[in-house]
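For reference, the structure discussed in these notes is given below.
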Amino acid sequence: MAHRTFLDSLLAKAASFQAERTTRKFIALLARALQHPSDLLTSLIRRGTGRRFGRDHGLDRIRSYGDFCGQIPIYSYADISSYIEKVRAGDVGALLPRDERVLMFALTSGTTAQPKYIPITPTVLAECRRGWNIWGVKAIMDHPPSLLRHILQVTSSMNDHAAPSGVPCGAITGLLAATQKRLVRKYYTSPAVVAGIKDPTAKYYTIMRLAIGRDVSWAVTANPSTLMLLAKTADEYKTQLIRDVRDGTLWGDLPVSPEIRDALRPRLAAQPDVAARLDRIASKSGALYPKDYWRMDFLAHWTGGTMGLHRSQMPRYFGEVPVRDIGLIASEGRMSIPLSNETTSGVLSITSHFFEFIPAEEYGTDKPTVLRMHEVRESEEYFLLLTNASGLYRYDIGDRVRVTGWMGQAPMIEFLSRDAHTSSLTGEKLTEHQAVLAMQAVCGEGPDRIAEFVLAPCWGEPPFYRIYVEQSAVRRVARLAERLDLALCKVNGEYESKRETLRLRPVELCTVPEGFLTRRDQELRRARSRTSEQFKHQYLLAKPGWDTDLQAAAAPVARTSGRT
């Protein structure tokens, strides 16, 4: 267990002074933010000059923003994947300065069955850390009692597998945790080695075993569902957990490797007084939730988009504590920095990325209007394009945002959703294309093919997806829901991760009367008469609640009997 020392206090004071200077410098920059993007774009163009991508796109001939737009089209990951694959194979100069080392490839779910790989170099890592430092210092400045108290942080492994060049591929959160300042790491409740526990229940139990006897001030993770699972796991196994705290042990039945157990042993000191207090809490209330054993100053997680649906459930487990959104963050980079509690809005992260905006109503068209940040308007919705040090130029990340106001000359934005063909209940970013691929894998293209279906995200605890098909489809395809659930895991690694870690429950199957889906499409086509020639059957709904008409017509059949 970490103990606050006089040296800790001195180091914290020095670090806080430097970090506060960085934060205040950033806030001051917002007052004159209009000049900074031009300078940043010039630097990023210069960074790419001479690289294979730069030569192919004539970066050395760019002298203005107009040249930039003329030389480089709007790109998706698929458009630049050939360059990234060369980097993965060891040819760094295909996209990045040859003298820069690739530390890892951050994994994120793509729009096909293959994941996306984003190169993380020391430059990119420093920018990522700078954004987190600004966010974290402001959060702690707003909650002074949280300084030098324990932090519950949940991370994933940075080494899921290796690229052909041998560079690790995994979660950037693992790299950030492993390279954090020693003083900060001292107050993490879990060391980086915990990310290597594969079994979700074992991982959640271990995290809570390490944390429950500490003075936890705040907890941070991307998905609020993870925090609820931690709280539920501690409650479900409270008898064993209290015994472990009393005896200084880690439950022997957990599938945790001997190497990880050895690394954790110094952190497992017996705490009989803490165990007695926890036992009194559980005996009195019948449950063991964080609100009863921690004095928390705030929680930190996503609150935008569908993540906001978790907000009403959090007090049951954590009490009425403030929530600080961690910002719009992806493997590709940080896009916003929230600077206050109880809001989904954050100021645009202008120091690390050059941003462009496509008006939402033009997204997906052949020649959309593209705006710079000084051209956006409050209350309007846009899709973001990024240019940054990872070698991404005019990169369409597919995030829909709303401009909520201004801080100085920089816009404040809030995340709304992924694009119209994507659903993300817990960060899985499931696309319509993946839903179709999964159904094809289940049914093939033969006589049993299911040509019409609707996959709908549904709110629950935990949330899940419901597949609507007509009654004849169930007769043709055995175990449809279970097989579709497994197929979705194969085409989307994030979906698989959320299923394995219990943040999504299995697919649920519902049937609708014969011909219902065809009649539904006809009605939708008539309702959209202005664009009826562009109407397409929507296989995946983007948000919970969009399937009310389907629910009214449907009868539930089964939930999968697969992984739970």
Side-chain angles (χ1 to χ4, degrees), residues 135-136 138-140 142-143 145-146 149-155 173 188-190 200-201 203-205 207-208 210-212 214-238 241 278 281-282 285-329 336 338-346 414-417 424-428 457-464 498 501-505 543-545:
W135 178 91
K138 184 62 167 60
I140 291 173
D142 291 345
H143 304 90
S146 64
R149 292 176 60 205
H150 283 104
I151 307 164
L152 175 62
Q153 184 189 44
V154 184
T155 62
T173 56
Y188 286 163
T189 57
S190 297
T201 300
K203 182 176 181 180
Y204 296 145
Y205 182 96
I207 290 171
M208 293 305 288
L210 295 168
I212 199 166
R214 299 190 176 196
D215 179 25
V216 174
S217 170
W218 55 286
V220 55
T221 187
N223 288 304
S225 60
T226 302
L227 294 178
M228 288 194 291
L229 279 169
L230 288 169
K232 291 177 185 178
T233 300
D235 177 60
E236 181 178 356
Y237 298 100
K238 53 182 172 286
L241 186 61
L278 295 174
I281 292 170
S285 67
L288 191 64
Y289 291 147
K291 64 182 181 180
D292 296 318
Y293 50 79
W294 285 335
R295 296 178 299 107
M296 301 193 75
D297 291 302
F298 65 101
L299 298 174
H301 56 73
W302 282 328
T303 62
T306 56
M307 297 298 153
L309 297 172
H310 293 275
R311 184 66 184 96
S312 63
Q313 300 177 17
M314 299 301 281
R316 175 184 176 187
Y317 306 103
F318 293 92
E320 296 292 345
V321 296
V323 174
R324 176 72 59 106
D325 195 298
I326 62 173
L328 178 48
I329 309 170
S336 72
L339 298 173
S340 58
N341 294 338
E342 308 300 343
T343 176
T344 59
S345 295
E414 65 173 342
F415 172 75
L416 298 179
S417 66
S424 192
L425 286 166
T426 62
E428 68 278 10
C458 299
W459 187 243
E461 193 175 349
F464 63 102
K498 302 307 185 291
T501 55
L502 313 181
R503 285 176 281 181
L504 286 175
R505 74 179 191 230
K543 293 183 179 180

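Because the structure is a prediction, the values reported are computed rather than measured.
Closest of all the heavy-atom pairs between W294 and M208 is CH2-CE, 3.7 Å. Of all non-hydrogen atoms in V216 and A211, the two that sit nearest each other are CG2-O, 3.8 Å. For the residue pair F415 and L328, the shortest heavy atom distance occurs at CD1-CD1, 3.7 Å. Residues A222 and I326 come closest through the heavy atom pair CA-CD1, 3.7 Å. A pairwise comparison of heavy atoms in P290 and A231 identifies CD-CB, 3.7 Å as the closest pair. Nearest heavy-atom pair across E428 and L504 is CD-CD1, 4.1 Å.
Between the side chain of Y204 and the main chain of T501, a donor-acceptor pair closer than 3.5 Å is present. A donor-acceptor contact shorter than 3.5 Å is absent between the side chain of T344 and the backbone of E414. Using modelled atom types, one side-chain atom of E342 and one backbone atom of V323 make a donor-acceptor pair closer than 3.5 Å. Formation of a donor-acceptor pair under 3.5 Å by the D235 side chain with backbone atoms of L288 is found in this model. Side-chain atoms of R324 come within 3.5 Å of backbone N or O of S340 as a donor-acceptor pair.
How far CH2 of W302 is from CG of N223: 5.5 Å, rounded to the nearest 0.5 Å. How far CG of D142 is from CG of D297: 11.5 Å, rounded to the nearest 0.5 Å. Taking CD of E236 as the start and NZ of K238 as the end, the distance is 8.5 Å to the nearest 0.5 Å. With values rounded to the nearest 0.5 angstrom, E461 atom CD is found 9.0 Å from L229 atom CG. In this structure, R149 CZ and R295 CZ are separated by 4.5 Å, a value rounded to the nearest 0.5 Å. With values rounded to the nearest 0.5 angstrom, L502 atom CG is found 10.0 Å from S225 atom OG.
Under the 3.5 Å distance criterion, with hydrogens and angles disregarded, a donor-acceptor pair is assigned to the side chains of D325 and T303.
Using cut-offs of 30° and 60° for the angle between ring planes, the H143 and F298 rings count as parallel. Between Y317 and Y289, the angle of the ring planes goes over 60°, which puts this pair in the perpendicular group of the 30/60° scheme.
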request  = Any chance you could lay out the side chain to side chain contact (heavy atoms under 4.5 Å, CB included) test for L278 and L241, step after step, and finish with the verdict?
outcome  = CA-CA 9 Å; L278 295 174; L241 186 61; 5.9 Å; no

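Put simply, the side chain of T221 does not reach to within 4.5 Å of the side chain of T173, judged on heavy atoms. Looking only at side-chain heavy atoms (C-beta outward), I207 and T233 stay at 4.5 Å or farther from each other. Counting heavy atoms from C-beta outward, P462 and R503 have side chains that stay 4.5 Å or more apart. In this structure, H301 and L227 have side chains that are in contact, with non-hydrogen atoms separated by less than 4.5 Å.
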